[in-house]
Amino acid sequence: MGIVVLTMKASVIEMFLVLLVTGIHSNKEMTKIKRPKFNVPQINCDVKAGKIINPEFVVKCPAGCQDPKYHVYGTDVYASYSSVCAAAVHSGVLDNSGGKILVRKVAGQSGYTGSYSNGVQSLSLPRWRESFIISEGKPPKGVTYPSALTYSSPKSQAAKAGETTKAYQKPSVPGTTAEPVTLMQAPGTTLVKATHTTLPKPSLSAGSTTSSPRLQPVGHRSWDLDLWSTITSSQNSPRGNSVSPSGVQRQDALGAALQKPAGVHASLGETDLWKLGSVLLDAGFVPKEELSTQPLEPISQGDPNCKVDLSFLIDGSASIGKRRFRIQKQFLADIAQALDIGPAGPLMGVVQYSDNPATQFNLKTHMNSQDLKAAIEKITQRGGLSNVGRAISFVTKNFFSKANGNRGSAPNVAVVMVDGWPTDKVEEASRVARESGINIFFITIEGAVENEKQYVMESNFANKAVCRTNGFYSLSVQSWFSLHKIVQPLVKRVCDTERLACSKTCFNSADIGFVIDGSSSVGTGNFRTVLQFVANLSKEFEISDTDTRIGAVQYTYEQRLEFGFDAYSTKPDILNAIKSVGYWSGGTSTGAAISFALEQLFKKSKPNKRKLMILITDGRSYDDIRIPAMAAHHKGVITYAIGVAWAAQDELDIIASYPAKDHAFFVDEFDHLYKSVPKVIQNICTEFNSRPRN
C-alpha cells in the first residue's frame, strides 16, 4: 500500500513539473509575440534639432548629409539650429552613407566653437537657447524610443520623410507605462488655428497678472516670457495651456483671461490685431475702438534741416528674445517721432535681418511719423541668426533705389542694430556700401564681454563696418534697457549732413578738368574720337553743381578754355558742350597747357572737391613739362596722362601722379581709346576709396 502511495505522489509531482515547464515556455513565447517592434523614424538631412520637440530620440539619417549646404554650429555639443544628420557626420558617429543615431537635448550654451571634422565644416555661434549631443543609435537595454517624432511646427520636414506627428511620448522603461501627454482644452475656450501673426500686446499693470519664471538654459542670457507671442497652437492645442519640452504641463498666467464664455465663438485671422487700447471685459480681451472728435492736425512735411534717406537694419534673430525685440521697436518709434518724418525732411524704412534680410517697408511707404510708428508696432520677429553682412549687402543692392523712394538729393544713411555680435562677416559688404555712398552707423547692444570674445567671428567688426572710425558713427550700449538714452544723440548725428562723409563717392565729389591736345598731328577725325573718349568718361560721373563738375581746355602752341567748372551743371549740357568743341590745330606745348589749366580751371575749384586732371596727347611736347607737372602735384591735382600713337612714355610718366603705373596709360591708335575708359574709372575710384577712414 505504501509503495502505491509513493508511486502516485511521484506521478503527481511529475505532472506538476511538466505543466510548470510548459507554462513557462508558453509564457516566453507569448512575451516574444507581445513585444512591439521598434520602427526607427527617418529624417532628411536638412531637419534641425530645434524643430523636434522630443528631448531624446533615435532617428535614421539618409546618405549625403556631408553636403556643406546643411549647416552645423558647434563641436561635440551642437546648437539646436544645426542639421541633426550633418552634426552626426561632423561628430564621427556617422559617415556620409547615413545610419541610425541617438540624439539627446541638453542646455543652451553661451558660445559654440566651429571646427572642421570628417568632411564637415561647423560654424561658430555666439549663443543659442538649446543644444544637443549625438551618440550611436543603440538604445540602452530596456529603453524604447518613439517611432514617430513630435515637431514644433506643422510645416516641419516630417512630411518629406513620410512621417506622422503625434503627441510626445517619453521613452518607456520596464515596469512603467509611458502615457502621452494630452493637452486639455480649458472650459469655455474655442480652439484657434495656427497663424504666424504676432499680436501687439495690451498694457498690463504690474499687479494684474502673476507668472512663473521660465526655466533658463545654463550659461545663457535670460529668455523673456512672452504670453503674447506668435500663435502656433493647432487644433489639438489649448488656448491657455502649454507643454515644456520635458513634458510638464503648465497654465499660462493669462489663460483665464483669454477664455471666452460658453457659446461664444472666437476666430482670429491673420489680420486680427489686439489694439493697445484694449480693456479687460467679462467676455475677455476685446478691442475697443474710439472715434476721435478732435479736428485733424495738418500733416508735417518733415524737418527740412534733416533731409536724409534713412534705413534701419534691425536685429530679428532668435537670440535677442521677444522682450528685447519689443524694446528695439519702441526705440524705432521714438526715433521716428524725434525725426519728424516727411517728404521735405527725413524719410525712413526698416529692414529686419536674421538668416536672411527682408524689407519691412521702404522709404516711400510712410510719409509722416504717425503712420511710421503704427507700421513699426506691427513688425513681427523673424528669428534665426544675426547675418549682418548679408543684410548690409541687401541694403546696398536693393534698398536705396529710386523705386523704393530714394531721392538722390538726400544722403543715404544705414543704421545697423546688433544684439551682441554678428554671425557672419561685415567688412567686405560694408566696403561696397561705403563706396556706394551709404553712411553706415553701428549700434552694438550688450556686446561681447571678455570671455565671449572668443566666439566673435570678426574682431572689431563695428570699426570695419562704419563709414569712418572716428567714433562719430559707432554707438555702444551696455544694456537694452539703456537704449532709449541714445535716441537724441543718434538723431543729431544722422541729421548732421555736413559730417556724413560717405555720401561723397568717387563719382560725385570731384572737379575734373580735361586737357585736350588739338595739335595738327591729331587730325579732324581723330579729334572727334578724342572728344567721344572725353564724353564716355564724363558719363560715368554724377554731374551737378554740388556733385562732380566738368571743365575742358584745348591746347596747341596756345591754350583755350572751352568751358569752366561752373558753366554747366547737368550731364546732358556737359555732353553737348563736349560735342561742340571745335578742332583748333597747331603745335604741341603740353607744359604750357598744364600751367594754363592750373590757373584758369583748377584755381576756381571748390575746396571740398577732389581735383582731377585728365590730359590726352598724341606726341612729344615742344616745351618742358617737368616744372608744370610738379606744380600740379604740389597743388593736390591728381593727374592722369593718356598717350596715343606717338606720345612719349617717359613724358607720360612725368606728367602722371605717383605711382605712374596707375595714372599713365598708352594706346597705339585713337580707335582704341575707348578700351581704357573702364581702367581709368576703376583707378580713380580705387584711389578715392583707399583713403584712411579716420
Side-chain angles (χ1 to χ4, degrees), residues 511-539 550-565 567 574-575 577-602 611-633 637-657 660 662-677 679-681 683-684:
D511 280 344
I512 303 176
F514 288 95
V515 180
I516 306 167
D517 186 346
S519 61
S520 302
S521 58
V522 175
T524 304
N526 289 335
F527 187 76
R528 306 318 302 175
T529 303
V530 170
L531 292 182
Q532 186 59 54
F533 170 73
V534 172
N536 290 342
L537 282 172
S538 301
K539 286 177 184 177
I550 304 291
V553 167
Q554 183 182 177
Y555 73 95
T556 58
Y557 283 127
E558 300 178 286
Q559 307 82 35
R560 183 170 72 195
L561 178 65
E562 299 293 351
F563 52 89
F565 291 136
I574 285 292
L575 297 180
I578 293 170
K579 184 179 179 181
S580 301
V581 172
Y583 177 46
W584 204 359
S585 185
T588 310
S589 295
T590 306
I594 295 173
S595 298
F596 180 86
L598 292 177
E599 185 66 25
Q600 299 298 321
L601 199 57
F602 288 101
K611 302 174 182 64
L612 301 180
M613 180 191 295
I614 301 178
L615 185 145
I616 306 106
T617 183
D618 79 327
R620 186 176 288 278
S621 177
Y622 294 170
D623 62 353
D624 178 65
I625 50 96
R626 292 178 180 274
I627 294 176
M630 290 177 61
H633 301 160
V637 178
I638 302 168
T639 308
Y640 288 83
I642 316 294
V644 190
W646 302 281
Q649 185 66 54
D650 59 329
E651 287 191 350
L652 296 177
D653 290 345
I654 293 170
I655 295 169
S657 294
D662 294 332
H663 297 84
F665 300 87
F666 178 83
V667 294
D668 53 0
E669 296 180 13
F670 283 93
D671 288 342
H672 293 165
L673 267 174
Y674 74 93
K675 295 180 181 179
S676 60
V677 171
K679 186 63 176 176
V680 172
I681 296 295
N683 286 14
I684 288 173

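Note that the coordinates shown come from a computational prediction; the quantities given were computed from them, not determined experimentally.
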Student: Can you name the residues that form a side chain to side chain contact (heavy atoms under 4.5 Å, CB included) with Ala648, not counting sequence neighbours?
Tutor: Arg620, Asp650, Glu651

Student: For Glu558, which residues count as a salt bridge (charged side-chain N to carboxylate O under 4.0 Å, His left out) partner, sequence neighbours excluded?
Tutor: none

Student: Closest approach of His672 and Val667, non-hydrogen atoms and distance?
Tutor: O-CG1, 3.8 Å

Student: In chain order, what residues pass the side chain to side chain contact (heavy atoms under 4.5 Å, CB included) check against Asn526, with sequence neighbours excluded?
Tutor: Val522, Phe670

Student: Say you draw a straight line from CZ of Arg560 to CD1 of Ile516; how long is it, rounded to the nearest 0.5 Å?
Tutor: 10.0 Å

Student: CG/Leu575 to OG/Ser538 distance, rounded to the nearest 0.5 angstrom?
Tutor: 6.5 Å

Student: Got a donor-acceptor contact below 3.5 angstrom from the Tyr583 side chain to the Gly523 backbone?
Tutor: yes

Student: Out of curiosity, Lys611 NZ to Thr639 OG1, how far, rounded to the nearest 0.5 Å?
Tutor: 12.0 Å

Student: Drop me the distance from His663's NE2 to Ile642's CD1, to the nearest 0.5 angstrom.
Tutor: 10.5 Å

Student: Do Val515 and Gln559 come close enough that some side-chain heavy atom pair is under 4.5 Å?
Tutor: no

Student: Please report, to 0.1 Å, the donor-acceptor pairs under 3.5 Å made by any side chain of residues 588-597, with sequence neighbours excluded.
Tutor:
residue: Thr588; atom: OG1; partner: Ser519; partner atom: OG; Å: 3.4
residue: Thr590; atom: OG1; partner: Tyr555; partner atom: OH; Å: 3.1
residue: Ser595; atom: OG; partner: Gly591; partner atom: O; Å: 3.4

Student: By side chain to side chain donor-acceptor pair (under 3.5 Å), which residues pair with Asp624, not counting sequence neighbours?
Tutor: none

Student: If I take atom CD1 from residue Ile550 and atom CG from residue Leu537, how far apart are they, to the nearest 0.5 angstrom?
Tutor: 9.0 Å

Student: Give, for atom CG of Leu612 and atom CD1 of Ile638, the distance between the pair rounded to the nearest 0.5 Å.
Tutor: 5.5 Å

Student: Using the test side chain to side chain donor-acceptor pair (under 3.5 Å), find all partners of Ser585 that sit at least two apart in sequence or belong to another chain.
Tutor: Ser520

Student: Can you check whether Phe514 reaches Leu615 side chain to side chain, under 4.5 Å on heavy atoms?
Tutor: no

Student: Of all residues at least two apart in sequence or in a different chain, which pass the ring-ring contact (aromatic ring centres under 6.0 Å, His included) check with Tyr674?
Tutor: none

Student: Quick one: ring-ring contact (aromatic ring centres under 6.0 Å, His included) partners of Phe533, sequence neighbours excluded?
Tutor: none

Student: Considering residues at least two apart in sequence or located in another chain, which fulfil the side chain to side chain donor-acceptor pair (under 3.5 Å) criterion with Asp671?
Tutor: none

Student: Only counting residues at least two apart or in another chain, list the ones meeting side chain to side chain donor-acceptor pair (under 3.5 Å) with Asn536.
Tutor: Gln532

Student: Checking Lys679 now: which residues fulfil side chain to side chain contact (heavy atoms under 4.5 Å, CB included) with it, not counting sequence neighbours?
Tutor: Phe665, Gln682, Asn683

Student: Any pair with a residue in residues 511-520 that passes salt bridge (charged side-chain N to carboxylate O under 4.0 Å, His left out), sequence neighbours left out, goes on the list, sorted by first then second residue, please.
Tutor: Asp511-Arg549

